[in-house]
Protein chains: 2
Amino acid sequence: MSLPHAILTALLEKPSSGLELTRRFDKSIGYFWSATHQQIYRELGRLEGEGHIRALPAEQPARGQKKRYEVLPAGRAELARWTAAAQDPKPQRDVLLLRLRAAAVVGTEGLEADLRRHLELHRRQLSEYEEIERRDFPPGRDAPQDRLRHLVLRAGIDLETFWTRWLTHALEEFAELPGAAPEAQPREPAPDTSG
Amino acid sequence: MSLPHAILTALLEKPSSGLELTRRFDKSIGYFWSATHQQIYRELGRLEGEGHIRALPAEQPARGQKKRYEVLPAGRAELARWTAAAQDPKPQRDVLLLRLRAAAVVGTEGLEADLRRHLELHRRQLSEYEEIERRDFPPGRDAPQDRLRHLVLRAGIDLETFWTRWLTHALEEFAELPGAAPEAQPREPAPDTSG
DNA sequence: CCCCGTTATGCAACTAGTTGCACAACCGTC
DNA sequence: GACGGTTGTGCAACTAGTTGCATAACGGGG
């Protein structure tokens with residue numbers, strides 16, 4: 001239930017067409033709420049139907065033509081309502097941690113390479129965030145909007161920092177592990193794995 | 001595509017009935033891959049159909065009767081394959097960060113209370129993890145399985161630590177913010193908000 | 001002029017996860 | 001011995017997000 005609100009936020013920051021929104025979702029907002037262009041177009045249609053946004057009139061409103069949207073008062077009100085409403089954090093889901101747990105049972109073979117790959121991806125993301133911080137939040141910029149947006153960026157930076165550290169630590173542990181398949185004390189009847 | 005593998009891991013650790021799995025998903029594995037009993041039963045049915053698990057024979061196999069499952073060799077092989085296969089990290093989605101970003105546009109009113117609530121929830125989760133760490137991973141336990149599982153728990157602890165710190169910092173910033181609605185420089189045509 | 005790649009918009013089907021409810025057995029109690 | 005709460009199992013419908021593909025305009029190059 002958050003994509004429409006992500007779009008409303010983006011449109012309030014700047015009225016845009018579907019494609020422009022898609023581009024902005026590839027950075028900025030997309031860092032913590034990703035969406036494909038298909039999702040965005042579908043949602044734009046819904047939001048227009050609900051009277052939350054409207055298409056700015058264009059010269060030739062034809063297919064394959066840019067259509068820019070702006071937020072209507074009802075849309076702004078809905079966004080304000082949603083922002084203030086209490087919401088429970090939704091249950092964690094992390095595939096990598098699950099795979100590590102599985103590896104404790106079926107062995108770590110093959111997993112290490114993918115951990116390295118993830119470490120590289122997180123490092124890259126981290127330096128991208130740090131670049132944005134240098135560019136958009138130099139010391140001194142402290143209007144309320146800036147402080148809030150900076151806060152969001154800090155969360156991204158700190159999360160990526162956490163992952164790079166954790167993955168580094170995990171790889172160190174892997175290096176110390178005896179064999180690839182830690183099947184020392186089988187707890188189940190150990191069925192015939194050859195078939 | 002991960003729930004079946006979460007279930008396979010849990011069943012390899014210990015053959016269980018649907019309800020027992022549900023309970024174990026409420027702690028342990030559920031900390032990073034939550035699932036309801038409905039999901040679990042449905043998935044157990046699929047896994048049985050695919051020949052990855054089987055129901056242990058019971059005396060009276062009737063409805064409303066415990067049915068325990070164990071993993072078959074094919075299931076173990078599938079889990080090993082999945083664990084080793086490369087997987088891209090899936091795009092981030094964080095509602096709280098999105099709301100903060102929205103608040104930069106429509107004002108922070110009402111958001112602060114929910115941030116406090118989240119802070120409390122994360123603190124609670126953190127102390128729960130730390131309790132588990134004291135109980136299950138005292139110094140000295142370093143069989144490969146233990147080290148891997150400890151690593152997973154450390155991720156949970158560090159993530160919760162990050163969130164409590166970040167939320168604390170965010171609340172401090174809120175306290176310094178001038179008004180509730182930072183609408184100083186309107187960037188859009190500022191539509192009539194009264195209607 | 002036609003082919004082809006790029007830009008821009010959009011529908012339809014699929015997948016995974018959530019919500020709501022139903023049904024049966026068991027177990028204590030009034 | 002019927003009543004109501006708890007335990008255990010399960011289906012069906014819904015929601016959100018993903019994947020795959022379709023359509024149209026525009027702008028070169030051969």
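Below, chains carry the letters A, B, ... as their sequence lines are ordered, and counting in each starts from 1.
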So which nucleotide from C:dT18, D:dG17, D:dG20 ends up closest to the side chain of A:Pro91? C:dT18
Quiz item: A:Arg93 side-chain donor-acceptor pair to C:dG17 base, under 3.5 Å: no
A:Arg68 CZ to C:dT9 P: how many Å, rounded? 10 Å
Give one of base, sugar-phosphate or nothing for B:Arg46, where a contact means two heavy atoms less than 4.0 Å apart. nothing
To the nearest angstrom, the CG-P distance between B:Leu3 and C:dT18 comes to 9 Å
Quick one: the side chain of A:Gln39 and the base of D:dG17, do they pair up donor-acceptor inside 3.5 Å? no
Rounded interatomic separation in angstrom, taking CD1 from B:Ile7 and P from D:dT9: 13 Å
Value in whole Å for how far the C1' atom of C:dT18 lies from CH2 of B:Trp33: 14 Å
Is there a donor and acceptor pair closer than 3.5 Å between the side chain of A:Gln38 and the base of D:dG20? yes
Identify whether A:Phe137 and B:Phe174 are in the same connected component of the hydrophobic contact network (ILVMFWY, side-chain heavy atoms under 4.5 Å). yes
Side chain of A:Tyr69: nearest nucleotide among C:dA8, D:dG17, C:dG10? C:dG10
Between B:Arg101 and A:Ser28, do the side chains contain a donor N or O and an acceptor N or O under 3.5 Å apart? yes
In this structure, how many angstroms lie between the P atom of D:dT18 and the CZ atom of A:Phe25, rounded? 12 Å
Specify the separation, in whole Å, of atom NE2 of B:His5 and atom P of C:dA16. 11 Å
5' precedence on DNA chain D between B:Leu19 and A:Thr36 (nearest-nucleotide basis): B:Leu19
Whole Å only: how far is the CZ atom of A:Arg23 from the P atom of C:dT7? 7 Å
Nearest listed nucleotide, side chain of A:Tyr41, among C:dA8, D:dT7, C:dT18: C:dA8
Out of D:dT9, C:dT18, D:dC11, which has the shortest distance to the side chain of B:Ser17? D:dT9
Go through C:dT9, D:dG20, D:dG10 for me and flag the one nearest to the A:His37 side chain. C:dT9
Send over the distance from B:Lys67 NZ to C:dA24 P, rounded to a whole Å. 16 Å
All side-chain contact (heavy atoms from CB on, under 4.5 Å) counterparts of A:Glu160, not counting sequence neighbours: A:His122, A:Gln125, A:Leu126, A:Tyr129
Evaluate the side chain to side chain donor-acceptor pair (under 3.5 Å) criterion for residues B:His118 and A:Gln87: first the C-alpha distance (whole Å), next the side-chain angles of each, then the deciding distance (0.1 Å), finally the verdict. CA-CA 9 Å; B:His118 278 242; A:Gln87 255 183 289; over 6 Å; no
Charged N to carboxylate O under 4.0 angstrom, B:Arg116 versus B:Glu112? yes
Under-3.5 Å donor-acceptor pair between B:Arg42 side chain and C:dT18 base: yes
